[in-house]
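Comments concern the structure below.
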Amino acid sequence: MHLKGTLPLLVLRVLGSGPKHGYRIAQEIKDTSKGVLDFREGTLYPTLHAQENKGLIESFEMKEKGRTRRYYRLTDEGRRVLATEREAWRRLSVAVNTVLEGT
Amino acid sequence: MMNAVEEPRFPEVDHWLSVATRKLCSTSKERIRREIEEHYFEAIDAAKSQGSGEAAARRRAIESLGDPRSAARSFRRHHLTKFQAGFVRGLGEKRSIHRFYLWGIVMILFLAMNFIRVSNVWDLGIYLGMFSVMLAAFVAHFWWTRWFYRHQQARASLTLDMFSTWVFFASMQFGSSLLWYKNMVADAFVYGAALLFLLTILAVLLRKMSDRPPKSA
């Protein structure tokens, strides 16, 4: 399924449960949606960097099993935006469903 | 378990990265390379743990990254290109003296071009005012760029750096209209063309610089 425009929100939501590296974020979106939300993983990184530039998430490097991984976590601003965007998305989906089921 | 440092190069991911990071500045390239390679190795490990052979795992891992040209377009929206990075840095800290000379030459030319035409006190006042603005822009531009390098805090300093540059361009605009008013159409056209060119570059840069760059790369 095409994720245009929704990937930033999904990333924020996944990071809401704690710091994760890029691969883990991609897999969690796919696994949680049972494969419905599939996307090319190369597009995840521009999204992560854009959100980091906006101050919604921050990154740090950590050694794990001999590898240096870059982890991402939500900032306070990111948490605030996530709450706002989730509510906006909920209202939108309710409205769309109402229209779809009413016709 | 593979390691990005110990393992030999993987030509498929090298190729993917060379396309996806084309035109980006070296800092951005390096950061993206490390992240994508790590992602790639993780994907290979996952595929192998599901029973794929080495070749199949590598194929799946590279396919999962998608089209590198599409990624390149996205990366260029959020990272500075080589050209933009060079423009932001000006001539760079190591060659900052060249920047100093460049600004000096521009001001001297500007002054020479305009003071030659001074015919009354009113004109002198205008040109002195323009010179003061340019001098202030020069000092701010030079100072804040050095501050940026010292602290690596791009947002505030670059905003001010850009602001000082804009002040300089504003003085150019002022000069352009003045020349136009005096029927010096060719000079006004050159001013206007230079202004338009630089504003086009700055429009892109300002959009990127309005974001906060990563603290570490």
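Every chain is numbered from 1 and lettered A, B, ... according to where its sequence line falls, protein lines coming before strand lines.
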task = Identify which part of A/Thr47 has an atom lying under 4.5 Å from any heavy atom of chain B, answering side chain, backbone, both or neither.
result =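 Answer is neither: A/Thr47 stays 4.5 Å or more from chain B.
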ask   = Under 4.0 Å between a Lys/Arg side-chain N and an Asp/Glu carboxylate O for A/Glu52 and B/Arg31?
value =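 Yes, charged N to carboxylate O under 4.0 Å.
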Electrostatic pair B/Glu38-A/Arg67, nearest N-O below 4.0 angstrom =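 Salt bridge: yes.
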query = Less than 4.5 Å apart, any side-chain heavy atom of B/Ile36 and any of A/Tyr45?
reply =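 They are in side-chain contact.
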ask   = Is there side-chain contact between A/Arg69 and B/Glu42, with at least one heavy-atom pair below 4.5 Å?
value =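 The answer is yes; the side chains approach within 4.5 Å.
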query = Once the angle between the rings of A/Tyr23 and B/His39 is folded into 0 to 90°, is it parallel (under 30°), tilted (30 to 60°) or perpendicular (over 60°)?
reply =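 It falls in the perpendicular class, over 60°.
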task = Please report the closest heavy-atom contact between A/Gly42 and B/Ala71, naming both atoms and the distance.
result =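 What the structure gives for the nearest pair is O-CB, 4.1 Å.
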ask   = Closest approach of B/Gly66 and A/Arg40, non-hydrogen atoms and distance?
value =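 Nearest pair, atom of B/Gly66 first, then A/Arg40: CA-CD, 3.4 Å.
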ask   = Can you tell me how far CZ of B/Arg77 sits from NE2 of A/His49, rounded to the nearest 0.5 angstrom?
value =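 A/His49 atom NE2 to B/Arg77 atom CZ measures 14.0 Å (nearest 0.5 Å).
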message = Rounded at 0.5 Å granularity, tell me how far CG in A/Leu48 sits from NE2 in B/His78.
response =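 Here the rounded value is 10.5 Å.
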inquiry  = Counting heavy-atom pairs closer than 4.5 Å to chain A, which one of B/Ser64, B/Ala46, B/Ser70, B/Ala43 comes out on top?
reply    =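 Going by pairs under 4.5 Å, I would pick B/Ser64.
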ask   = Contact part of B/Ala20 toward chain A, heavy-atom cut-off under 4.5 Å: side chain, backbone, both or neither?
value =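 Neither part.
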